[in-house]
Amino acid sequence: SDLAVLLTIALVQLLAAGGAYPDWTIIGQFVQQMGIGAAVGLGGGWLLIGLINRITLNSGLYPLLAFSGALLIFGATATIGGSGYLAVYLAGLLLGNRPLRNIRDIRRFHDGLAWLSQIGMFLILGLLVTPHQLLPLAVPSLLIAAALILVARPVTVALCLLPFRFAWREQLFIGWVGLRGAVPIILALFPWLAGLEHHRLYFDVAFFMVLLSLVIQGWTVAPAARLLQLEVPPTASPVEQRIPLDLPGSADYELVRYQIAADSRVTGHTLAEMNLPDTVQPTTVVRGKQMCKYGECGPLQADDQVYLF
């Protein structure tokens, strides 16, 4: 999506300049934005990780620290001519793959923030749409959507996956499930903000195409997987809950809760009889409304809740 943003901005600037925009300028801007965005994103993410892990704060302030750091990285990158989208993306990758203090609270906060942003975004987009103006665009939008769904995306996917030797069924499925979401609608606002001619047409066509993609591709994902024999049966996980423990000096500990199924191989055996790894320590067994130490509960029974440190 970051590449799509850069390309859209470049094309909007080209159209706004009346076509008198040198090709080398677009290429130079692309290299500049990607280079600065990558450098600031990686550097800022590394500094933010050190800041979160070194500063002692109230637990509720760590999500705000991470969020304000993301805003600072985005703003600083955009100010010096880089891609703020790429910078924040790379910084988020760093933070998400490194041990962080209060990582559970940070993830919950940002998950809620992401949902709130999407709700607000779709509400604003809905206010910009006039349904009766979409009907005259149905046929051309359908033709454009058919070209993207049936030609452009499958060809692009086939070329991109060519070195990886994917099976033809997998390539066909990946080529089909390229759902269009909010990003194309947001990008369709750029010509509107730039005051280009026919900006309303761009927005309405993009909105109609997203609806077509969601209806046609979204509703056929499962049937397409079954038709191509790619449906994977669901696997039940015995892990019911994971609680990360924010211990001083380490973020690699968690409390894991397992529910014992009636057909489990551990039913009728004690925890002491199990060959648990050295890094795992049983703590508690909850049976019904009773809680007991793992060494005093006897053989495990169906529906027991086992907690492991």
Q: Within the structure provided, determine whether Pro154 and Val157 are in side-chain contact (heavy-atom separation under 4.5 Å).
A: no

Q: Please examine the side chains of Val306 and Arg257, heavy atoms only from C-beta on, and report whether any two atoms are closer than 4.5 Å.
A: no

Q: Let me confirm one number: the CG-CG distance from Leu42 to Leu90, rounded to the nearest 0.5 Å.
A: 5.0 Å

Q: Is the shortest side-chain heavy-atom distance between Gln32 and Ile36 below 4.5 Å?
A: yes

Q: In the single-linkage hydrophobic clustering (I, L, V, M, F, W, Y; side-chain heavy atoms under 4.5 Å), do Val205 and Val183 co-cluster?
A: no

Q: Any side-chain heavy atom of Val221 within less than 4.5 Å of one from Phe173?
A: yes

Q: Tell me if the CE atom of Met291 is crowded by more than 12 foreign heavy atoms within 6.0 Å.
A: no

Q: Nearest 0.5 Å, what's the CD-CG distance between Glu254 and Leu308?
A: 10.0 Å

Q: Side chains of Leu300 and Thr270, heavy atoms from C-beta outward: is any pair under 4.5 Å?
A: no

Q: Can you give me the closest heavy-atom contact between Leu276 and Pro282, atom names plus distance?
A: CD1-CG, 3.5 Å

Q: Would you say Phe67 and Trp46 are hydrophobically clustered, going by side-chain heavy atoms of ILVMFWY under 4.5 Å?
A: no

Q: Which distance, rounded to the nearest 0.5 Å, do you find between the CD of Gln301 and the OG of Ser264?
A: 13.0 Å

Q: Is it the case that more than 12 heavy atoms not belonging to Tyr89 sit under 6.0 Å from its OH atom?
A: no

Q: Taking Thr130 for its side chain and His132 for its backbone only, find out whether a donor-acceptor pair lies under 3.5 Å.
A: no

Q: Donor-acceptor pair, Thr267 side chain versus Ala261 backbone, under 3.5 Å?
A: yes

Q: Can you check whether Thr56 reaches Arg101 side chain to side chain, under 4.5 Å on heavy atoms?
A: yes

Q: Show the numbers, then the answer: is there a side chain to side chain contact (heavy atoms under 4.5 Å, CB included) between Leu172 and Trp168?
A: CA-CA 6 Å; Leu172 189 59; Trp168 68 269; 4.1 Å; yes

Q: Keeping the roles fixed (side chain from Ser213, backbone from Met209), state whether a donor-acceptor pair exists under 3.5 Å.
A: no

Q: Would you check, one step at a time, whether the test side chain to side chain contact (heavy atoms under 4.5 Å, CB included) holds for Ile186 with Met121?
A: CA-CA 9 Å; Ile186 296 295; Met121 176 184 63; 3.7 Å; yes

Q: Apply ring-ring contact (aromatic ring centres under 6.0 Å, His included) to Trp192 and list each qualifying residue two or more places apart in sequence or on a separate chain.
A: His199, Phe203

Q: Verify the cluster assignment for Leu148 and Leu142: are they in a single hydrophobic cluster under the rule of side-chain heavy atoms below 4.5 Å apart?
A: no

Q: Could you check Val285, Thr283, Val256 and say which one makes a side-chain contact (heavy atoms from CB on, under 4.5 Å) with Tyr307?
A: Thr283

Q: Report whether Leu57 and Ile103 are members of the same hydrophobic cluster (ILVMFWY, side-chain heavy atoms less than 4.5 Å apart, transitive linking).
A: yes

Q: Can you get from Leu86 to Leu93 by hopping between Ile, Leu, Val, Met, Phe, Trp and Tyr side chains that sit under 4.5 Å apart?
A: yes

Q: Enumerate the salt bridge (Lys or Arg N to Asp or Glu O under 4.0 Å) contacts for residues 289-309, please, sequence neighbours excluded, ordered by first and then second residue.
A: Arg287-Asp304

Q: Drop me the distance from Leu94's CG to Ile49's CD1, to the nearest 0.5 angstrom.
A: 5.0 Å

Q: Please find out if less than 6.0 Å separates the ring center of Tyr85 from that of Phe74.
A: yes

Q: Between Asp204 and Arg200, is the closest basic N to carboxylate O distance under 4.0 Å?
A: yes

Q: Under 3.5 Å, side chain of Gln217 to main-chain N/O of Trp176, donor-acceptor pair present?
A: yes

Q: About how many Å separate CG of Asp105 and NE2 of His110, when rounded to the nearest 0.5 Å?
A: 12.0 Å

Q: If you round to the nearest 0.5 Å, how far is CD1 of Ile52 from CG of Leu61?
A: 12.0 Å

